[in-house]
Every structure is written in structure tokens, then in C-alpha cells.
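These numbers were taken from a predicted model, which means no experiment stands behind them.
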Amino acid sequence: VQLQASGGGSVQPGGSLRLSCAASGRIFSIDAMTWYRQTPGKQRELVASITRRSTPLYADPVKGRFTISRDNAKNTVYLQMNSLKPEDTAVYYCNGQIKTMPGAMHGMHYWGKGTQVTVSS
């Protein structure tokens, strides 16, 4: 199983970016899909998560600015980031809780490689 994140880049404050993360490989089903971010010297922090039925959860710093969504048919999760601030600068990672066979009680967590988001004037 692999997760491939894309969509990072550099943007000015107030700008927008859309991140995507596609899962591939031996996948039976995907439960929660989550975006995290990390800056140097700090722990990785949860940004937003979404259940298989598309119930979202957001960290307080991004509420009202970021929107998480998913396309189950494409095994893909998205993160629309609006009104970006310099403090949103980080490497963003996606995580998927993935079952690789029917009958598995819980999915295993898989990580994608990060994608850099830089917000600067």
C-alpha cells in the first residue's frame, strides 16, 4: 500500500492551495483518512480527519479555513486550504487507516511522504 501526496507549494498569505493524497496497492477498504503537519523541532500535529462516511474533524487553528473531503471510489483524500497564514507553513502528511483484506477488524495506518506548504510574502 502506498499513499502519494501532492499539491504543496508556495503561496502568499491569504492564498489557497489544495492538497491531494491517493492510496494505491492492495486495498480492501479505507476507514479514516487524516492530514497532519509538522514543522522543524515540533511534533507532528493533526490538521483534519475524515471518516469513511465523510464526517470531518478539524484542529482548532484551521477551522473555518480548511476543508477536508474524500472520494472513496478513487481512494483519495483532499485538503482545501483557504486564507492561508504564515503559521500554516509546514510539511503536510497524509495518513490512511487501511484494511488490505476482508474480515480485518481494524485497518493499519499507512503514511504518505510529506508535501511542503510554504506561506510567505
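With hydrogens and angles ignored, the 3.5 Å screen pairs a side-chain donor or acceptor of R65 with a backbone N or O of S83. Between the side chain of T89 and the backbone N or O of V119 there is at least one donor-acceptor pair closer than 3.5 Å. Using a distance-only test at 3.5 Å, with no hydrogens or angles considered, a donor-acceptor pair links the side chain of R70 to the main chain of I50. Under a 3.5 Å cut-off, the side chain of T118 and the backbone N or O of S10 do not form any donor-acceptor pair.
Counting non-hydrogen atoms of neighbouring residues, nucleotides and ligands closer than 6.0 angstrom, the CD atom of E87 exceeds 12 such neighbours. The neighbour count for Q2 CD, taken as heavy atoms of other residues, nucleotides or ligands under 6.0 Å away, does not exceed 12. Within 6.0 Å of the CD atom in Q4, the count of heavy atoms belonging to other residues, nucleotides or ligands does not exceed 12.
Side chain to side chain, N95 and T34 fail the donor-acceptor criterion of an N or O pair below 3.5 Å.
Because its NZ or CZ atom is not both nearer than 6.0 Å to the ring centre of Y93 and within 45° of the ring axis, R37 does not count as a cation-pi partner of that residue.
Between G8 and L19 the shortest heavy-atom distance is N-CD2, 3.5 Å. S16 and Q80 make their closest contact through CB-NE2, 4.0 Å (heavy atoms, listed as atom of the first residue, atom of the second, distance). Of all heavy-atom pairs spanning P13 and S121, the tightest one is CD-N, 3.7 Å. K99 and D31 get closest at one heavy-atom pair: CE-OD2, 3.3 Å.
Put simply, the side chain of D88 reaches to within 4.5 Å of the side chain of F66, judged on heavy atoms. Counting heavy atoms from C-beta on, the side chains of L3 and I98 come closer than 4.5 Å. Side-chain contact check for T115 versus V91: every heavy-atom pair is 4.5 Å or farther apart. Residues T100 and I27 are not in side-chain contact: their nearest non-hydrogen atoms beyond the backbone lie 4.5 Å or more apart.
Remark: Y36 engages W111 in a ring pair (Phe, Tyr, Trp, His ring centres under 6.0 Å) (not counting sequence neighbours).
How far OG1 of T67 is from CZ of R18: 10.5 Å, rounded to the nearest 0.5 Å. Rounded to the nearest 0.5 Å, atoms NZ (K113) and OG (S6) are 14.0 Å apart. How far OG of S29 is from CE of M101: 11.5 Å, rounded to the nearest 0.5 Å.
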Worked check of side chain to side chain contact (heavy atoms under 4.5 Å, CB included) between Q12 and S120: CA-CA 5 Å; Q12 292 186 339; S120 174; over 6 Å; no

Pair L17-L84, side chain to side chain contact (heavy atoms under 4.5 Å, CB included): steps then yes or no: CA-CA 8 Å; L17 285 173; L84 281 162; 4.2 Å; yes

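Hydrophobic clustering (ILVMFWY, side-chain heavy atoms < 4.5 Å, transitive): W35 and V11 are in one cluster. Tracing side-chain contacts under 4.5 Å through hydrophobic residues (I, L, V, M, F, W, Y), one never reaches Y78 starting from M81; they form parts of separate clusters. Hydrophobic clustering, with ILVMFWY side chains joined whenever heavy atoms are under 4.5 angstrom apart, groups Y92 together with Y110.
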Going by atom type alone, with no hydrogens or angles, which donor-acceptor pairs under 3.5 Å involve a side-chain atom of residues 52-64 and a protein atom two or more places apart or on another chain?
from	atom 1	to	atom 2	distance (Å)
R52	NH1	I30	O	3.3
Y58	OH	I68	N	3.0
D60	OD1	K63	NZ	3.0

